[in-house]
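So the structure is just underneath, and the comments pick up after that.
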Amino acid sequence: MNADDLRRRADDALSELTSLREHDAPTHGGHILSYVYDSGLEILDSVAADAARLVQPVNGLDPTVFGSVAAMERDLISFGRTVFHGPEAVGSVTSGGTESCLLAVKAARDHAGAQPGTGSIVLPSTAHAAFLKAAELFGLRVIRVPVDPGTTAVDPAAVASAIADDTVLVVVSAPNYPTGTLDPVADVAEITAARGVALHVDACLGGFALAWWDGPDRQDQLPPWDFRVPGVTSLSADLHKYGYAPKGASLLLHADRDRHRAQYFAVTDWPGYPVVNPTLLGSRSAAGLAAAWAITRTLGESGFAELVSQIRVASERLLATVDAIDGLRVVGDPVGPVFAVAADESAADPLDPHVWGAQVGTHGFTVQAQPAFPQADGTVLPATTHLTITPVTARVVEELSAAMCAAAEEVRGTPAAQPPAALTELAAAFDSGSVTVGQALSLPSEAAGAALVAAGLDPHAPIADGGLDMPSIIAAVHALPRPVTAKLLAEFLAAYCNP
Ligand SMILES: *Cc1c(COP(=O)(O)O)cnc(C)c1O
């Protein structure tokens with residue numbers, strides 16, 4: 001290996017990556033209203049990159065060898081204690097929201113001492129899918145509680161009747177992802193505390209925004225939703241969402257030490273080093289931790305508060321924009337930085353939120369289509385379009401508001417998106433009983449791939465700028481059995497990311 005050759009190849013790799021990155025969705029500037037959380041402050045990007053580089057060679061596996069890892073983790077947990085009002089809380093920095101949710105469930109299961117084959121978790125319909133993943137991975141039964149389709153908040157009485165003898169954890173959201181609604185944490189906590197069941201507040205999405213939502217000028221204060229509420233046993237908040245860190249950092253806090261200890265996997269019973277893991281991974285990067293730590297240090301509480309006030313101004317402007325559009329409505333009563341838009345069925349001329357969302361896309365703003373959701377009690381949460389508001393949204397809020405209004409007029413009278421024709425035929429085959437869900441789920445990859453290609457979703461064809469045609473994919477989710485669409489989408493993504 002010749003040093004010049006290596007340098008040249010390294011430069012080539014970086015220039016290739018630079019050109020690949022040019023085709024990605026724009027991560028900055030407020031034009032994509034999901035996935036990314038742009039503070040609008042360049043200094044946060046640079047301090048995060050510098051901090052990540054400083055710990056690049058470190059292995060987060062062993063904080064006793066790499067003391068910087070322990071020091072930064074302690075600091076972030078202290079910060080979490082302050083902002084989430086849990087002076088005694090303890091916990092861990094994880095790699096992201098999903099890992100925090102998984103570990104909250106694992107800790108609750110082990111703390112409760114659930115025996116193999118038993119144990120359940122109670123989830124409102126609007127709880128994040130990461131908890132379904134946790135139940136699957138950790139062998140727990142899911143008890144799903146319908147939410148009020150009007151408010152989209154969970155009804156505490158429904159939670160009370162859903163809790164089973166083997167329930168190890170109840171989850172509430174602050175706020176939930178689909179509609180941005182804050183669940184009634186205190187009312188649910190009263191029930192779980194009386195029953196001796198753990199309660200997790202999933203503040204992955206909005207925790208680091210809600211903590212400063214009640215500005216000094218705010219009249220309608222949020223009800224308490226964090227460790228101020230007795231009975232809350234754990235709380236997750238993503239540093240890589242409204243903590244503005246690059247992906248790879250979330251905070252999971254527990255109200256007491258024994259619950260935190262139940263999160264650990266520790267084993268000395270093998271011929272290697274003692275394995276003592278608070279998180280799912282063994283060897284792990286400290287980059288997310290360091291980046292989040294540096295950003296939090298840079299912003300301080302006052303910096304967070306100022307960014308949240310920008311989010312609030314933009315959110316209020318956009319909520320008012322939707323209210324003024326005939327045929328659309330805001331779902332429920334979102335309090336934080338995200339909200340969902342549905343058809344206003346009481347209007348003479350309701351607009352399809354996905355057709356509208358796709359049209360907003362033609363004005364340069366990418367919004368996220370979400371499917372309708374039939375709940376266990378027969379009520380249906382409507383199809384919606386999701387918007388995540390970040391500090392930088394404030395800079396483009398007038399342009400976005402105008403795009404939302406213009407898009408509504410442009411699509412007035414346009415019918416809802418349809419699934420690709422081949423999938424409509426497949427849906428008819430399920431309806432007539434000529435194909436069963438079991439048969440579809442046992443299709444080998446090759447046949448599932450062929451079904452995708454027939455539906456015009458060829459994983460090896462280039463994807464148009466702006467991504468997949470999500471309205472038609474969501475229409476397929478509506479038309480087909482949900483497990484079948486999940487299988488087809490897994491097939492698509494697996495093939496897409498493989499040679
Ligand atoms: C994003 C999110 C999660 C999962 O987080 P990831 O960081 O995407 O793994 C969990 N709960 C809520 C409410 C979220 O918004």
Side-chain angles (χ1 to χ4, degrees), residues 27 32-38 76 80 84 91-108 121-137 142 144 147 152-154 169-183 185 188 199-211 213 225-226 232 234-253 279-281 284-285 287-289 291-292 295 311 315 331-332 334-340 367-368 370 373 381 384 386-390 493:
T27 54
I32 174 158
L33 288 110
S34 57
Y35 301 109
V36 294
Y37 300 76
D38 183 2
L76 282 173
F84 303 125
S92 304
V93 176
T94 74
S95 66
T98 297
E99 191 177 26
S100 290
C101 297
L102 294 177
L103 290 167
V105 172
K106 191 263 186 213
I121 57 175
V122 171
L123 304 179
S125 295
T126 46
H128 196 277
F131 293 98
L132 302 176
K133 187 181 205 174
E136 181 175 315
L137 292 177
V142 173
R144 264 175 138 177
V147 300
T152 71
V154 76
L169 184 68
V170 172
V171 175
V172 286
S173 306
N176 70 48
Y177 188 91
T179 63
T181 300
L182 182 61
D183 279 325
V185 179
V188 174
L199 177 64
H200 181 76
V201 174
D202 180 10
C204 278
L205 176 58
F208 284 106
L210 291 193
W213 201 256
W225 52 273
D226 56 13
V232 169
S234 56
L235 180 149
S236 52
D238 289 352
L239 291 154
H240 68 198
K241 285 180 181 158
Y242 288 98
Y244 313 108
K247 294 300 176 247
S250 170
L251 188 61
L252 171 61
L253 295 174
T279 57
L280 295 174
L281 298 181
R284 57 188 172 121
S285 167
L289 167 67
I295 285 176
I311 296 171
S315 296
V331 178
V335 289
V338 309
F339 63 89
V367 290
Q368 195 174 48
Q370 303 184 127
F373 181 74
L381 302 182
T384 57
H386 173 107
L387 286 86
T388 293
I389 312 306
T390 64
L493 203 61

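These values consider heavy atoms only, across backbone and side chains, with no hydrogens, waters or symmetry-generated copies. Start at 1 and go down the list; that is how both ligands and their atoms are numbered.
For ligand 1, the polar-atom distance check finds an N/O of Thr98 within less than 3.5 Å of one of the ligand's N/O atoms. Considering backbone and side-chain atoms together, Gly97 places an N or O closer than 3.5 Å to an N or O of ligand 1. Taking only nitrogen or oxygen atoms, main chain and side chain alike, Glu99 does not reach within less than 3.5 Å of ligand 1. Considering backbone and side-chain N/O atoms, Asn176 never comes within less than 3.5 Å of an N/O atom of ligand 1.
Here the side chains of Asp226 and Val232 are not in contact, with every heavy-atom distance at 4.5 Å or above. Proximity of Val188 to Asp183: side-chain heavy atoms (C-beta onward) are nowhere separated by under 4.5 Å. Asp202 is listed as a side-chain neighbour of Phe131, based on a closest heavy-atom distance under 4.5 Å.
A side chain to side chain contact (heavy atoms under 4.5 Å, CB included) with Tyr37 holds for exactly one of Ile311, Leu205, Ile389, Asp238; it is Leu205.
At the shortest separation from atom 11 (N) of ligand 1 among protein heavy atoms lies Asp202 OD2, 2.6 Å.
Taking 4.0 Å as the cut-off, Lys247 does not count as a neighbour of ligand 1 on heavy-atom distance.
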inquiry  = Quick one, Ser236 with His200, criterion side chain to side chain donor-acceptor pair (under 3.5 Å). Give me CA distance, side-chain angles, the key distance, then yes/no.
reply    = CA-CA 8 Å; Ser236 52; His200 181 76; 2.9 Å; yes

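Less than 4.0 angstrom separates some heavy atom of His240 from each of these atoms of ligand 1: 7 (O). Residue-ligand proximity, Tyr177 to ligand 1, at heavy-atom distances under 4.0 Å covers atoms 15 (O).
Between Tyr177 and His386, the ring-plane angle classifies as parallel under the 30° and 60° cut-offs.
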